[in-house]
Amino acid sequence: MKAVKIGIAPEVFDAWPSYRRIVVVARDVDNAEEDPVLEALLREAEAAARQDPELENHKEYPRIASWRAVFERMGLNPNKFPPSIANLVKRTRSGKDLPFVNRLVAIFNIVSLKYRIPCGGDDLAGVTGDVRLMPAAGDETYEPLGNPEAVERPNPGEIILVDTGRRTVFCRGWCWKNGDPSKISRDSRLVAINLDAQPPVDLETLEQAARELAGLLARHCGGTAEMHLLEPGNPEFEL
């Protein structure tokens with residue numbers, strides 16, 4: 001695999017200077033579907049979200065409301081295009097258990113529910129350029145997760161995660177919806193998991209969440225994990 005840079009465009013930090021992202025890069029992982037311990041942890045995280053009275057009106061919960069405001073500023077209606085953490089909490093509080101897709105997906109769902117922050121991941125095996133969080137030009141290609149034939153174009157100015165080589169969108173709406181080309185499967189071996197924080201989530205909380213995620217990776221998926229903080233003075237790193 002050629003050298004790949006993972007980073008955030010300056011326009012993102014110019015508009016949202018308090019935003020921070022930690023990228024956990026995991027290599028040589030074992031991502032088999034079954035893991036009773038992880039599934040139990042996922043059910044515990046779901047139960048805690050269901051029992052938390054602060055999430056009764058999840059749209060007004062501060063860690064979700066802040067992302068709804070980001071989406072509105074991007075020009076996306078957060079009711080129609082909910083931030084991933086809002087959708088995760090809503091699905092959980094509806095009483096339905098989240099599917100256990102595979103170990104990696106379970107791990108970032110556990111951490112997302114526990115810390116109430118957006119978490120998502122991408123398989124890096126097919127990257128042809130760099131991976132960049134940036135405003136969309138509008139001519140990039142987005143193949144929805146599970147339905148890659150229904151090709152879409154992001155809205156100009158929408159924050160997207162994109163493979164700059166093929167201009168393929170890995171995630172639309174910052175942390176709204178992942179794309180099919182970078183989906184994590186049981187065969188994934190090299191992945192990047194993104195943990196996002198806007199106020200009121202502080203850097204200490206974000207780092208704690210990332211450490212917990214890396215620990216779960218080590219115990220349940222093996223391989224190696226490295227953490228990279230992306231911020232205005234350090235907006236990218238190279239694999």
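All values below were derived from every heavy atom in this structure, side-chain atoms included, with hydrogens, water molecules and symmetry-related copies excluded.
A single hydrophobic cluster is not seen to contain both Val162 and Ile6; linkage of ILVMFWY side chains at heavy-atom distances under 4.5 Å, directly or through other members, places them apart. Hydrophobic clustering places Val23 together with Phe13 (ILVMFWY residues linked when any side-chain heavy atoms are closer than 4.5 Å, directly or through intermediates). Both Val201 and Tyr61 belong to a common hydrophobic cluster when Ile, Leu, Val, Met, Phe, Trp and Tyr are linked at side-chain heavy-atom distances under 4.5 angstrom. Side-chain heavy atoms closer than 4.5 Å link hydrophobic residues (I, L, V, M, F, W, Y) into clusters, and following such links, possibly through other members, connects Leu88 to Val111. Residue Leu216 is grouped with residue Val101 when hydrophobic side chains (ILVMFWY) are merged at heavy-atom distances under 4.5 angstrom, including chains of intermediate members.
Using a 4.5 Å cut-off on side-chain heavy atoms (C-beta onward), Ser66 and Pro200 make contact. For the pair Asn194 and Phe170, the minimum side-chain heavy-atom distance is 4.5 Å or more. Side chains of Met227 and Arg211 form a contact here, defined as non-hydrogen atoms less than 4.5 Å apart. Between Val12 and Arg21, every side-chain heavy-atom pair lies at or beyond the 4.5 Å cut-off. The shortest side-chain heavy-atom distance between Leu190 and Val25 falls under the 4.5 Å cut-off. Within the 4.5 Å cutoff, the side chain of Leu217 has heavy atoms near those of the Leu104 side chain. Side-chain atoms of Phe71 and Cys175, non-hydrogen and from C-beta on, do get closer than 4.5 Å to each other. Leu203 is listed as a side-chain neighbour of Leu229, based on a closest heavy-atom distance under 4.5 Å.
To the nearest 0.5 angstrom, Phe81 atom CZ is 9.5 Å from Lys177 atom NZ. Here Glu152 contributes atom CD and Arg172 contributes atom CZ; the two are 5.0 Å apart, rounded to the nearest 0.5 Å. Within the model, atoms CD1 of Ile110 and NE2 of His220 stand 7.5 Å from one another, a figure rounded to the nearest 0.5 Å. The CD atom of Glu46 lies 4.5 Å from the CG atom of Leu98; values are rounded to the nearest 0.5 Å. Taking NZ of Lys96 as the start and NZ of Lys90 as the end, the distance is 10.5 Å to the nearest 0.5 Å. Here the CG-CH2 distance, from Asp196 to Trp16, works out to 12.0 Å after rounding to the nearest 0.5 Å.
Taking the charged nitrogens against the carboxylate oxygens, Asp97 and Arg50 do have a contact shorter than 4.0 Å, which makes a salt bridge.
Between Asp202 and Thr205, the side chains place a donor N or O and an acceptor N or O closer than 3.5 Å (distance only, hydrogens not considered).
Looking only at distances, no side-chain donor or acceptor of Arg93 sits under 3.5 Å from a matching main-chain atom of Asn57. The backbone N or O of Gly126 sits less than 3.5 Å from a side-chain atom of Arg166, completing a donor-acceptor pair. Side-chain N or O atoms of Asp35 include one that pairs as donor or acceptor with a backbone N or O of Val37 at under 3.5 Å. Put simply, the side chain of Arg132 never gets that close to the backbone of Thr164: no donor and acceptor are under 3.5 Å apart. Between the side chain of Arg103 and the backbone N or O of Phe100 there is no donor-acceptor pair closer than 3.5 Å. The backbone N or O of Leu113 lies less than 3.5 Å from a partner atom in the side chain of Arg116, making a donor-acceptor pair. Judged by distance alone, with hydrogens and angles left aside, the side-chain atoms of Arg153 form a donor-acceptor pair with the main-chain N or O of Glu140 at under 3.5 Å. Here the side chain of Asp163 pairs a donor or acceptor atom with the backbone of Thr128 at under 3.5 angstrom. Checked by atom type and distance alone, the side chain of Glu56 never pairs as donor or acceptor with a backbone atom of Glu54 at under 3.5 Å.
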Yes or no on side-chain contact (heavy atoms from CB on, under 4.5 Å) for Tyr115 and Leu213, after CA distance, side-chain angles and deciding distance?
-> CA-CA 11 Å; Tyr115 289 90; Leu213 188 145; over 6 Å; no
side-chain contact (heavy atoms from CB on, under 4.5 Å) between Trp174 and Gln198: does it pass, once the steps are laid out?
-> CA-CA 12 Å; Trp174 202 322; Gln198 292 272 4; 3.6 Å; yes
Go through the steps to decide whether Arg189 and Asn31 satisfy the test side chain to side chain donor-acceptor pair (under 3.5 Å), and finish with yes or no.
-> CA-CA 8 Å; Arg189 295 293 177 265; Asn31 194 34; over 6 Å; no
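Considering every non-hydrogen atom in both Tyr142 and Gly179, the closest pair reads CE1-CA, 3.6 Å. Residue Pro78 comes nearest to Glu72 through the heavy atom pair CD-CG, 3.6 Å, listed as atom of the first residue, atom of the second, then distance. The two residues Gly146 and Asp180 come nearest to each other via the heavy atoms N-OD1, 2.8 Å. Nearest approach of Glu11 to Pro135, heavy atoms of both residues: CB-CG, 3.8 Å. What you find for Ile184 and Gly121 is that their closest heavy atoms are CD1-C, 3.6 Å. Here the closest non-hydrogen pair linking Lys183 and Asp123 is O-CB, 3.5 Å.
Aromatic ring orientation, Phe237 versus His228: parallel (interplanar angle below 30°, classes split at 30° and 60°).
Around the CD atom of Glu238, the shell of radius 6.0 Å holds more than 12 heavy atoms that belong to other residues, nucleotides or ligands.
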